[in-house]
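One is the number of the first residue; the rest follow in order along the sequence.
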Amino acid sequence: MRTVGQNDKKWTSRGLCAGTAVLALMVGCAAENAPKPVRPAAGQPLRLHEPPARALAAYARKLARTHAARAAAAKRWGLAQVPLTAPPPPARKPHLTTRKGFEVDDHEKRGLPLVFTTIPTRHKIVFLTIDDGAEKDPAFLRMMSELKIPYTAFLSDYLVKEDYGYFRKMRDLGVVLNNHTLRHRYLPALSYDRQKAEICGMQDVIKKRYGSRPTLFRPPYGNYDEDSLRAAKSCGVTHVPLWNEEVFADHWDYREWDRDLHPGDIVLSHFRGKGDGKGTMPDMVRRFMKLVTAKGYAVARLEDYL
């Protein structure tokens, strides 16, 4: 049976624009596309279409307030630049396939969950995903909420159960909580039944604690085999997002040879504090956003593209 492995660290051993640009674009586009003025008949007064003008002005003020609030949050949390704004979610979801080299036997024929490291898109966006659940830093929740940076969580019960309430707050802030198995085992070493217990058992935990069974699953260390995907499919998993980059509090790691970001890349990080790494969760976010924003990327919500 073929095993697919990733170059992941086993942690236990250790179309985008800022708010002001959007405002300028909206006003500019509105002016450019506005209908040409029509001269009134002789002797008739010129009637201005005030309601549309007022609506546009109100929207412009709202954009300016939103950008100002985000700029203040960026300064408060030590970001050198204001995060860029992602485009609206696509009306039609992109067509996804399993990445070449990540397939198992008869992958497509048997309808096994798709395994991928990037989302097909022409926009300069990336997706932040955070694994396990070891660190439960309230400052991280405040930071991400104030900066309005979307992310997706993949949780393991042996860590989450220390404080289910922390991740309930995360869910209430709009974060989707997904499956990273019960005990973070190396799945290819387990039988089908034991893999199913790890994966489907975590589905039950998330359903019980947070209200719904997720459709996304990430195998520990990125390692899986045919049994992993069969077991995941049996309890409702449709997608297995892996990653193209990994960000830590003090550095980045890359999958691709060019060591760069690409449109649609999925970025991995972990719930880590100073005890497990070289910085805090906010430190990790600052390093992540520094590079992402400097390269002209915005952060989008993964679930909006699946």
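Tracing side-chain contacts under 4.5 Å through hydrophobic residues (I, L, V, M, F, W, Y), one never reaches V176 starting from I119; they form parts of separate clusters. Hydrophobic clustering, with ILVMFWY side chains joined whenever heavy atoms are under 4.5 angstrom apart, keeps Y192 apart from M202.
For the pair E162/V160, no side-chain contact is recorded, criterion being any heavy-atom separation below 4.5 Å from C-beta on. Side-chain contact check for T118 versus R99: every heavy-atom pair is 4.5 Å or farther apart. Residues V126 and V292 meet the side-chain proximity criterion, which asks for heavy atoms closer than 4.5 Å. Contact annotation: the side chain of E303 approaches that of N178 to within less than 4.5 Å [non-hydrogen atoms, C-beta and beyond]. The shortest distance between side-chain heavy atoms of I266 and F116 falls below 4.5 Å. Counting heavy atoms from C-beta on, the side chains of F140 and M170 come closer than 4.5 Å. The shortest distance between side-chain heavy atoms of V285 and M144 falls below 4.5 Å. Within the 4.5 Å cutoff, side-chain heavy atoms of L182 are placed close to those of V205.
Relative orientation of the Y221 and Y186 rings is tilted, given thresholds of 30° and 60° on the angle between their planes. Between H184 and H180, the two ring planes are perpendicular [angle over 60°; tilted spans 30° to 60°].
To the nearest 0.5 Å, atoms CG (D137) and CZ (F271) are separated by 10.5 Å. A distance of 11.0 Å separates CG in L229 from OG in S234, rounded to the nearest 0.5 Å. Atom CG of L268 and atom CZ of R218 lie 5.0 Å apart (nearest 0.5 Å). Here CG of D131 is found 7.5 Å from OG of S156. Values are rounded to the nearest 0.5 Å. Atom CG of L128 is separated from atom CG of L302 by 10.0 Å, given to the nearest 0.5 angstrom. Note that the CD atom of E256 and the CG atom of L261 stand 11.0 Å from one another [nearest 0.5 Å].
A donor-acceptor pair under 3.5 Å is absent between the side-chain atoms of D106 and the main chain of K109, judged by distance alone. Distance alone, capped at 3.5 Å, places no donor-acceptor pair between the Q203 side chain and the R213 backbone. Judged by distance alone, the side chain of H239 and the main-chain N or O of V237 form no donor-acceptor pair under 3.5 Å. In this structure, the side chain of R171 engages the main chain of Y210 through a donor-acceptor pair within 3.5 Å. A distance-only check finds a donor-acceptor pair linking the side chain of S228 to the backbone of D225 [under 3.5 Å]. In this structure, D132 contributes its side chain and F154 its backbone to no donor-acceptor pair below 3.5 Å. A donor-acceptor pair under 3.5 Å is absent between the side-chain atoms of D204 and the main chain of G201, judged by distance alone. Here the side chain of R70 pairs a donor or acceptor atom with the backbone of K148 at under 3.5 angstrom.
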Worksheet item: Do Y151 and T129 pass the side chain to side chain contact (heavy atoms under 4.5 Å, CB included) test, and can you show the C-alpha distance, the side-chain angles, and the key distance before you say yes or no?
Response: CA-CA 6 Å; Y151 60 101; T129 62; over 6 Å; no
Worksheet item: Yes or no on side chain to side chain contact (heavy atoms under 4.5 Å, CB included) for V104 and Y224, after CA distance, side-chain angles and deciding distance?
Response: CA-CA 9 Å; V104 298; Y224 60 95; 4.2 Å; yes
Practice prompt. Verify side chain to side chain contact (heavy atoms under 4.5 Å, CB included) between F167 and K136, making sure each step is shown before the conclusion.
Written response: CA-CA 8 Å; F167 297 96; K136 303 164 186 69; 3.9 Å; yes
Practice prompt. Would you please test F127 and T152 for side chain to side chain contact (heavy atoms under 4.5 Å, CB included) and show each step?
Written response: CA-CA 8 Å; F127 305 94; T152 296; over 6 Å; no
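Between H270 and I130, the shortest heavy-atom distance links the atoms C-CG2, 3.5 Å. Nearest approach of P219 to L187, heavy atoms of both residues: CB-CD1, 4.0 Å. The two residues A73 and E146 come nearest to each other via the heavy atoms CB-O, 3.7 Å. Taking each heavy atom of A74 and P83 in turn, the nearest pair found is CB-CD, 4.1 Å. The two residues H123 and T121 have their closest heavy-atom pair at N-OG1, 3.1 Å. Considering every non-hydrogen atom in both A300 and Y305, the closest pair reads CB-CE1, 4.0 Å.
Side-chain contact annotation: T117 with N244, donor-acceptor N/O pair under 3.5 Å present. In summary, the side chains of T293 and Q81 do not present any donor paired with an acceptor at a separation below 3.5 Å, with no hydrogens or angles considered.
Look at R255 and E245 and you find no salt bridge, because none of the NZ, NE, NH1 or NH2 atoms lies under 4.0 Å from a carboxylate O. Residues R230 and D227 are paired through a salt bridge, judged by an N-O separation under 4.0 Å between the basic side chain and the carboxylate. Salt-bridge annotation for D157 and R209: absent, with no side-chain N of the basic residue lying under 4.0 Å from a carboxylate O of the acidic one. The residues E246 and R272 are annotated as not salt-bridged, no charged nitrogen and carboxylate oxygen being separated by less than 4.0 angstrom.
In this structure, R183 fails the cation-pi test against Y158, since its NZ or CZ atom is not both closer than 6.0 Å to the six-membered ring centre and inside 45 degrees of the ring normal.
Residues passing the side-chain hydrogen bond (donor to acceptor under 3.5 Å, both in side chains) test with T280, sequence neighbours excluded: D283.
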With a 3.5 Å cut-off and sequence neighbours excluded, list the donor-acceptor pairs that the side chains of residues 88-98 form with protein atoms.
{"from": "K93", "atom 1": "NZ", "to": "D304", "atom 2": "O", "distance (Å)": "2.6"}
{"from": "T98", "atom 1": "OG1", "to": "H107", "atom 2": "NE2", "distance (Å)": "3.3"}
{"from": "T98", "atom 1": "OG1", "to": "V115", "atom 2": "N", "distance (Å)": "3.2"}

